[in-house]
Participant: 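Here's a structure for you.
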2 protein chains.
Amino acid sequence: MVTMKDVGREAGVSAMTVSNVLRGNNNVAPQTAERVRAAADKLHYRLNTTSLSARSLRVSTSRNNTQRGTIGLAIFELDRPYPAQLASLISQAAEEHGFQTVVQQTRISESNERSIIERVSNQFCDGLLFSSSRLAADEIEQLSNHRPTVLLDDDRPQQDIDTILTPCEQGAQAAIEYLYHSGRRRIGIVGEDLKNSEFVDNEHDVRHRRMTGCRAACDKLGIRWGDIRIIPTQWTDTAAREAVHEYESTIRDCDALFCMTDTIAFGTIRGLKDIGLDVPNDVAVMGFDGIEMGETMVPSLTTIAVDIKQIADKAVDLLIKRINDQDGHEALPHQRIVADFHIAQRESA
Amino acid sequence: MVTMKDVGREAGVSAMTVSNVLRGNNNVAPQTAERVRAAADKLHYRLNTTSLSARSLRVSTSRNNTQRGTIGLAIFELDRPYPAQLASLISQAAEEHGFQTVVQQTRISESNERSIIERVSNQFCDGLLFSSSRLAADEIEQLSNHRPTVLLDDDRPQQDIDTILTPCEQGAQAAIEYLYHSGRRRIGIVGEDLKNSEFVDNEHDVRHRRMTGCRAACDKLGIRWGDIRIIPTQWTDTAAREAVHEYESTIRDCDALFCMTDTIAFGTIRGLKDIGLDVPNDVAVMGFDGIEMGETMVPSLTTIAVDIKQIADKAVDLLIKRINDQDGHEALPHQRIVADFHIAQRESA
DNA sequence: TTGAAAGCGCTAACAT
DNA sequence: ATGTTAGCGCTTTCAA
């Protein structure tokens, strides 16, 4: 690495003069400055910014105004539409505040999450955004050395921490009611995943919360919960498609299916086509999330369209507030925000 | 800011002992270590990594044994299937080598890319993966302080740098030939984007390379290039759908459409449905990329299925080799690798 | 098992 | 106009 000392030696001046020249201080003789610039150029000198910050921590000079922060986002999957869209929107929201976002994939593994915090977030992020974390809030608190943190869709009752939630109960309830009011009476739910109980470790899980909404709808509408058909599947399109095949007889008994995510709905519609059922004539299909793809697909997807941009914006706003108020002067109480949604009424239901 | 000195004072030891405890060096008495940890916790101590790197620039010894590396991936969009899948696979490949991946979205903006390198990658990444970069290789080289870098899908002829490419020419040629050999004679191409020429600044652009493949196929098959219909559109599903509407008369003149990406094909199929054309009976549709969604959609998408996993694996392998051989002892020549593909023959063509 | 000293690259403050 | 000194928070080295 080429240092200012090296450049100084080449130009026959001290490192200090090099520093002055390179920062445009006008207390250097023009011809000296020219010599220094030539030397820097020749040696391919680059300012080492890390050493800069060591000083600027205390000094907080002009340079600190330009240097903005970094947000770490830990998300369970990068290659599914919902988390991908969320990550993209968060990245943009942060950018508008002058923050850079670094995204990391957890694959819903605790050890991955630990590694992310310890090896990356902890090293250089000013704040953390954790989507569907497996870690308890106090462990995050510990591992992250008390960095500002906002959780996404983690509704476990924990000690003070900010969290932003998708409207699981409300949305699921609205979906069932929508199907019912459009005249459907033999309703099925695709997406409970009892086989995969390792991921369902508490009743505050997204899955459970959506199920709770379904039950609430049934109670309200006077449907016996036992009459609802449940089609279990993992939360991917291919698994959902296979589930439709596997549970064909159950499916054929339904005139409407509520899928716990849009991705599941996507696979479900494909599965229905495979077994010769028409959407929405034979079976109405409804999703949950409101991913962009739902509008383009054939048939277009009626769904609980969560305001994903709102989630991104609020998460970033809140996190940046926490970052700027590290010492808790303002003592904003910890928030629990539930995002808005609307029913995107399209072709599939 | 709380420093090691502060923690040391609290625990009644020197800063050095604090450093040893916090890095897990086992040359500290257990009860002393415990006291130090308690003090650090109490004071909410945070390691200041900026000062770290100043030293480790030169030293890079023990840190590297225990701590594995970090790869920075800069990618143009997070919420489109192809880049999302690529990012996910790269992240997994890196994980298998014990590397953590941090993903950042460039939105194809030069200033974003600069900011990513300067503010993040440069600070703590051992190597960089740049997908469809707008920056010239030598600028990356400069900005990154000569960190190991592998480019993805950037075929500009540049001074020595590794690059991994999608098989644009070969794949596009194969697509046109496939359509021709299945009996289609009125072929259209969806996805040239002449309006958006700011992004087409050189003939080594992915767009141009795919077009080149199409021309090669025409030459080989004896089709006059002028007979090929071109439907311009931006590379998103919604834009493609609108393009179908806008160019309806051109479209109705076609019996086959080659779309420059799967996402475009997705929107195109929707657009065709809108104007009452059946896929594949009225119009065959073929895509390019091989994203997973293509298999599930209705109709399932015949496409040039690029071996995305291969791209991810090779990129990560190569980058890690470069990282481990920083001083160029082995002098592996710079690579230009073109990924494999196959034709995924499905319903749409 | 512990800590003192030196120094990483850079710059503010103070000489010369 | 130029250079010297000191010190940012941390770690390596080496002495106690």
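Order of the sequence lines fixes the chain letters, A, B, ..., with proteins taken first and strands second; residue numbering starts at 1 for each chain.
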Participant: In this structure, how many angstroms lie between the P atom of D:dT4 and the NZ atom of A:K5, rounded?
Facilitator: 11 Å
Participant: Look at the side chain of A:M16 and decide which nucleotide, out of C:dG3, D:dT2, C:dA12, has an atom nearest to it.
Facilitator: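 Minimum distance to the A:M16 side chain belongs to C:dA12.
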Participant: Which whole-number value in Å describes the distance from A:N20 CG to C:dT11 C1'?
Facilitator: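 Rounded to whole Å, this separation is 9 Å.
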Participant: Quick check for you: among D:dG9, C:dA12, C:dT2, whose closest atom lies nearest to any side-chain atom of B:T3?
Facilitator: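 In terms of side-chain proximity for B:T3, the closest of D:dG9, C:dA12, C:dT2 is D:dG9.
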Participant: Report the nucleotide, chosen from C:dG3, C:dC10, D:dT11, that has the shortest atom-to-atom distance to any side-chain atom of B:M4.
Facilitator: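 Comparing C:dG3, C:dC10, D:dT11 against the side chain of B:M4, the answer is D:dT11.
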Participant: Ignoring hydrogens, what is the shortest heavy-atom contact between B:Y45 and B:M4? Give both atom names and the distance.
Facilitator: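 Smallest heavy-atom distance, with atoms named: OH-CG, 3.3 Å.
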Participant: To the side chain of A:A29, which of D:dT2, C:dT1, C:dT11 is closest?
Facilitator: D:dT2
Participant: Can a side chain N or O of A:S19 be found less than 4.0 Å away from OP1 or OP2 on C:dT11?
Facilitator: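 So the side-chain polar atoms of A:S19 do come within 4.0 Å of the phosphate oxygens OP1 or OP2 of C:dT11, strictly under.
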Participant: B:T163 vs B:D154, test: side chain to side chain donor-acceptor pair (under 3.5 Å). Steps then yes/no.
Facilitator: CA-CA 7 Å; B:T163 179; B:D154 182 346; over 6 Å; no
Participant: Whole Å only: how far is the CD atom of A:Q31 from the C1' atom of D:dA1?
Facilitator: 10 Å
Participant: Taking only side-chain N and O atoms of A:T32, does any of them lie within less than 4.0 angstrom of OP1 or OP2 on D:dT2?
Facilitator: yes
Participant: Would you kindly say whether A:Q92 and A:S88 are connected by a side-chain donor-acceptor distance under 3.5 Å?
Facilitator: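 Distance-only check passes for A:Q92 and A:S88.
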Participant: Heavy atoms from C-beta onward define the side chain here; which of C:dG3, C:dT11, D:dT11 lies closest to that of B:V13?
Facilitator: C:dG3
Participant: Would you tell me if any nitrogen or oxygen in the side chain of B:Y45 comes within less than 4.0 Å of OP1 or OP2 on D:dG9?
Facilitator: no
Participant: Nearest to the A:N27 side chain among C:dT2, D:dT2, D:dG3, which nucleotide is it?
Facilitator: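 Of the candidates, D:dT2 comes closest.
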Participant: Verify whether one side chain among B:N20 and B:T17 offers a donor that lies under 3.5 Å from an acceptor in the other.
Facilitator: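 Checked: B:N20/B:T17 side chains show no N/O donor-acceptor pair below 3.5 Å.
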